[in-house]
Amino acid sequence: MISLGCENGPVVYRDGAFHKVAVEQEYQRSGNQKGHPSSPIVLADHKVEKDPAADIERPTEVALIDTRDHTMKTVDLGSPYWFRSLDRGPNGEALVLAYDGELNILDPESGKVLHEVPVAAEWSEPDEWQQPGPMMAVADGTAFVVDPASKKLTMVDVASGKTYRELELTVVPHEIQVTTGTASGEYTVGHTEEGEDHEAHDHDGHDHEGETSDAGGHDGHHEHEGHDH
C-alpha cells in the first residue's frame with residue numbers, strides 16, 4: 001500500500017487501484033508522511049493553507065490516514081509542529097514533537113493521545129528550515145529527542161511514555177539518525193531494569209558528534225515532501 005499527499009487530499013494505492021481520500025477542505029496537503037510496517041495507518045501533517053504567511057504554515061492538527069478504507073481522521077494537538085516532528089513507535093504508535101516541548105504519543109487507530117512527555121523547552125520553527133530545531137529518531141522502542149537550544153538528548157520509552165535518560169551534548173545537534181550497528185538489528189536500544197549492569201547502555205563519555213551531522217541537500221521548500229515519503 002502507498003499513500004500519496006496531494007493538494008486536494010491524499011490518495012491511497014491499494015490492490016492495484018488508486019483510492020481518493022475524501023477531505024472537507026478545497027486545499028489539503030499531507031506532504032510529510034510516516035508509515036509503519038505493522039500499521040495500516042499513515043501519520044501525516046495536515047496543511048490547509050494554500051498560501052501561508054511567510055511560506056510557512058504552522059498546523060496544530062495531524063492526519064491519520066487509514067489505507068484500509070481510504071479515510072482520514074485528524075487530531076488537534078493544540079500546539080504546532082514542523083516537518084521533522086513526525087515518527088513512529090515500535091508498534092506503530094504515532095509520535096509528534098510539538099512547539100510546546102512535548103512529545104505526543106498517539107494510538108494511530110483511535111487518535112487518542114496516550115502520553116504527553118516534556119522533552120524540550122518551548123520552541124518555534126526557524127524561519128530558515130536549514131537552521132537547527134528540535135527533532136527525533138526512534139529505534140527499538142526508544143524515542144531519541146534532541147533539543148539544540150539546550151544541547152540535550154532525551155531518551156523516552158515509547159510504550160510507557162517515561163523519560164529514562166538525558167545526556168548533555170558538547171555540540172549543537174542539527175540532524176539525528178539512530179543505527180543499531182548490526183545488520184541483523186539484534187542490538188537492543190533501551191533502558192535496563194533498576195540495578196542491572198548492561199554495557200550496551202553505558203554511554204558515559206561517548207562522543208555524540210558522530211551521531212549528528214550537517215543538513216543534507218534539501219530543496220529549500222518548507223513542505224519537504226521529497227524527504228518524508
Side-chain angles (χ1 to χ4, degrees), residues 2-13 18 20-35 41-65 72-88 94-104 106 111 113 116 119-138 143-151 171-177 212-229:
I2 300 172
S3 175
L4 306 172
C6 304
E7 293 188 351
N8 61 344
V11 170
V12 172
Y13 180 78
F18 289 97
K20 189 65 178 175
V21 177
V23 295
E24 297 179 358
Q25 301 84 358
E26 180 178 345
Y27 179 90
Q28 189 281 335
R29 72 187 302 170
S30 294
N32 298 285
Q33 303 190 15
K34 289 287 185 178
I41 309 297
V42 175
L43 169 66
D45 55 0
H46 180 64
K47 296 188 174 182
V48 296
E49 297 179 19
K50 188 173 184 179
D51 297 304
D55 198 32
I56 302 178
E57 183 175 353
R58 305 179 190 275
T60 62
E61 290 187 331
V62 292
L64 296 170
I65 304 167
M72 182 180 75
K73 65 166 60 79
T74 60
V75 179
D76 194 336
L77 301 174
S79 181
Y81 57 92
W82 69 329
F83 77 101
R84 301 180 191 269
S85 291
L86 310 178
D87 213 330
R88 303 299 292 269
L95 277 63
V96 186
L97 179 60
Y99 282 17
D100 59 8
E102 292 188 340
L103 173 60
N104 298 271
L106 288 70
V113 179
E116 296 176 281
V119 290
E122 291 188 15
W123 57 281
S124 62
E125 180 176 350
D127 292 336
E128 297 292 333
W129 65 264
Q130 297 93 337
Q131 296 301 310
M135 67 197 79
M136 67 176 158
V138 180
F144 296 84
V145 183
V146 290
D147 181 5
S150 62
K151 295 197 292 187
V171 297
V172 176
H174 196 286
E175 297 280 358
I176 182 172
Q177 181 62 46
T212 59
S213 63
D214 291 337
H218 293 276
D219 60 10
H221 193 281
H222 287 285
E223 297 297 339
H224 310 287
E225 286 81 3
H227 306 282
D228 294 277
H229 294 295

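Numbers here simply count residues along the sequence, with the first being 1. Treat the numbers as computed from the prediction; the structure is a model and nothing was measured.
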Please check: side-chain N/O of [X] versus main-chain N/O of [Y], any donor-acceptor pairing under 3.5 Å?
X: Ser85; Y: Leu97; value: yes
X: Tyr81; Y: Glu61; value: yes
X: Lys47; Y: Gly31; value: no
X: Glu116; Y: Val113; value: no
X: Ser79; Y: Asp100; value: yes
X: Trp82; Y: Met135; value: no
X: Glu57; Y: Val48; value: yes
X: Asp45; Y: Asn32; value: yes
X: Gln28; Y: Val23; value: no
X: Asn104; Y: Val96; value: yes

Looking only at non-hydrogen atoms, find the nearest pair between [X] and [Y] and report the distance.
X: Gln33; Y: Gly5; value: NE2-N, 3.2 Å
X: Asp147; Y: Ala121; value: OD2-N, 3.3 Å
X: Gly111; Y: Leu106; value: O-CD2, 3.8 Å
X: Pro173; Y: Lys151; value: CD-CA, 4.3 Å
X: Thr60; Y: Pro80; value: CG2-N, 3.7 Å
X: Pro10; Y: Met72; value: CG-SD, 4.1 Å

Problem set entry | Glu102 and Leu77: CA distance, side-chain angles, deciding distance, side-chain contact (heavy atoms from CB on, under 4.5 Å) verdict | CA-CA 10 Å; Glu102 292 188 340; Leu77 301 174; over 6 Å; no

For this session: Inspect the surroundings of NZ in Lys50 and state if more than 12 heavy atoms from other residues, nucleotides or ligands are less than 6.0 Å away.
Result: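 Result for NZ/Lys50: open.
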
To the nearest 0.5 Å, what is the distance between [atom1] on [X] and [atom2] on [Y]?
X: Lys34; Y: Leu95; atom1: NZ; atom2: CG; value: 11.0 Å
X: Arg58; Y: Glu49; atom1: CZ; atom2: CD; value: 10.5 Å
X: Phe83; Y: Glu125; atom1: CZ; atom2: CD; value: 7.5 Å

Are any of the side-chain heavy atoms of [X] and [Y] separated by less than 4.5 Å?
X: His46; Y: Val62; result: no
X: Ile176; Y: Arg84; result: no
X: Leu43; Y: Leu64; result: yes

For this session: Under the side-chain contact (heavy atoms from CB on, under 4.5 Å) rule, what do Glu7 and Tyr27 come out as? Steps first, then yes or no, please.
Result: CA-CA 6 Å; Glu7 293 188 351; Tyr27 179 90; 3.9 Å; yes

For this session: Quick one: do Val119 and Met136 satisfy side-chain contact (heavy atoms from CB on, under 4.5 Å)? Show the steps, please.
Result: CA-CA 10 Å; Val119 290; Met136 67 176 158; over 6 Å; no

